[in-house]
Amino acid sequence: MSTAGPLQGAKAPSGGSEAHEVASVGANDQRPFKVLGVQQIAIGGPDKARLQKLWVDMFGLEVTGTFKSERENVDEDICAIGTGPFKVEVDLMQPLDPEKKPAVHTTPLNHIGLWIDDLPVAVAWLTSQGVRFAPGGIRKGAAGFDITFLHPKANEEFPIGGEGVLIELVQAPEEVVKAFAALAAASH
């Protein structure tokens, strides 16, 4: 697994600003990384106490941590569904300041996170294919994993975006990579 440092998210790996052509990747083309499964679902609202009432009190999710960030304008409870390597994080988020950006409460389904087996390789390859990333590059996320975000909107330079959805790519720890590999092997 690569341990390369942060990659930028707004320019091609060469540093150039050339536009990327959108090309369809066929089933026989080999990607240099795998999307293993859902890592998280982030839900935003103006008051996370209302979110807790549903997700913690009614559905029984366990609160496993909290995270506050002025930079990300977020106060979140980190909850969990499931156990072990198949645990899915459910983040209940409210803004620290409702007038500032990012506005984590204005889109109730804020973003979805996907486990990636080799995040730096995925970012480099996706960027070369014309995928637009949000500013910030690869960095530590609230749960301690390396993360980066696909921008919800494409642009002229990077014609592939999340089509309105903010998508977080999360470096899967070795135990998750192994668990998904064992599951895939058992199903063949």
Side-chain angles (χ1 to χ4, degrees), residues 6-11 35-116 119-120 122-123 126-127 130-173 176 180:
L7 295 175
Q8 47 64 43
K11 296 288 181 190
V35 175
L36 302 172
V38 175
Q39 183 269 336
Q40 72 173 268
I41 301 165
I43 301 163
D47 178 7
K48 72 177 180 177
R50 292 181 56 86
L51 296 171
Q52 290 168 344
K53 184 71 174 168
L54 175 64
W55 291 92
V56 176
D57 298 347
M58 299 294 109
F59 291 157
L61 273 65
E62 173 188 1
V63 177
T64 60
T66 60
F67 178 74
K68 283 188 182 181
S69 170
E70 294 283 336
R71 178 176 175 246
E72 305 286 342
N73 189 34
V74 69
D75 174 7
E76 74 182 58
D77 287 340
I78 302 168
C79 302
I81 297 174
T83 60
F86 301 111
K87 176 172 70 175
V88 175
E89 183 178 306
V90 178
D91 297 338
L92 306 178
M93 308 185 315
Q94 71 181 28
L96 291 171
D97 182 343
E99 304 302 316
K100 289 186 178 177
K101 300 277 184 198
V104 300
H105 63 300
T106 59
T107 306
L109 179 55
N110 185 273
H111 65 273
I112 185 167
L114 303 173
W115 284 126
I116 303 295
L119 186 59
V123 170
L126 291 167
T127 300
V131 173
R132 183 179 182 197
F133 284 86
I138 295 175
R139 59 196 182 273
K140 287 285 181 217
F145 303 110
D146 285 348
I147 58 120
T148 194
F149 289 92
L150 267 70
H151 200 285
K153 296 179 183 175
N155 64 16
E156 190 173 316
E157 183 179 3
F158 292 96
I160 303 170
E163 296 302 315
V165 177
L166 184 63
I167 302 168
E168 183 175 8
L169 302 183
V170 184
Q171 175 61 58
V176 172
F180 276 98

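These numbers were taken from a predicted model, which means no experiment stands behind them. No hydrogens, no waters, no symmetry mates; every other heavy atom, side chains included, goes into these values.
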Side-chain polar contacts of residues 61-71 - donor-acceptor pairs under 3.5 angstrom, sequence neighbours left out - could you list them?
residue : atom : partner : partner atom : Å
Thr64   : OG1  : Ile78   : O            : 3.1
Ser69   : OG   : Arg71   : N            : 3.4
Ser69   : OG   : Glu72   : N            : 3.0

- Inspect the contact between Arg139 and Asp146 and indicate whether a charged nitrogen and a carboxylate oxygen are less than 4.0 angstrom apart.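 Salt bridge: no.
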Does a side-chain heavy-atom distance below 4.5 Å link [X] with [Y]?
{"X": "Lys100", "Y": "Pro95", "value": "no"}
{"X": "Pro173", "Y": "Phe145", "value": "yes"}
{"X": "Phe59", "Y": "Leu54", "value": "yes"}
{"X": "Leu166", "Y": "Asn110", "value": "yes"}

What are the two closest non-hydrogen atoms of [X] and [Y], and how far apart are they?
{"X": "Phe133", "Y": "Leu150", "answer": "CE2-CD1, 3.5 Å"}
{"X": "Ile112", "Y": "Val165", "answer": "CG2-CG1, 4.3 Å"}
{"X": "Thr127", "Y": "Val123", "answer": "OG1-O, 2.7 Å"}
{"X": "Gln171", "Y": "Pro120", "answer": "OE1-CD, 3.9 Å"}
{"X": "Val131", "Y": "Phe158", "answer": "O-CD2, 3.4 Å"}
{"X": "Trp55", "Y": "Ile43", "answer": "CZ2-CD1, 3.2 Å"}

- Query: Judged by atom type as modelled, is there a donor-acceptor pair below 3.5 Å linking the side chain of Asn73 to the main-chain atoms of Pro102?
  - Reply: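 Answer holds: yes.
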- Check: Gly113 main-chain N/O paired with Gln40 side-chain donor or acceptor under 3.5 Å: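 No; zero donor-acceptor contacts below 3.5 Å.
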Rounded distance [0.5 Å steps], [atom1] in [X] versus [atom2] in [Y]:
{"X": "Glu76", "Y": "Met93", "atom1": "CD", "atom2": "CE", "result": "6.0 Å"}
{"X": "Glu168", "Y": "Ile116", "atom1": "CD", "atom2": "CD1", "result": "10.5 Å"}
{"X": "Arg132", "Y": "His151", "atom1": "CZ", "atom2": "NE2", "result": "3.5 Å"}
{"X": "Asp75", "Y": "Leu92", "atom1": "CG", "atom2": "CG", "result": "10.5 Å"}
{"X": "Leu36", "Y": "Phe86", "atom1": "CG", "atom2": "CZ", "result": "10.0 Å"}
{"X": "Leu126", "Y": "Ile167", "atom1": "CG", "atom2": "CD1", "result": "10.0 Å"}

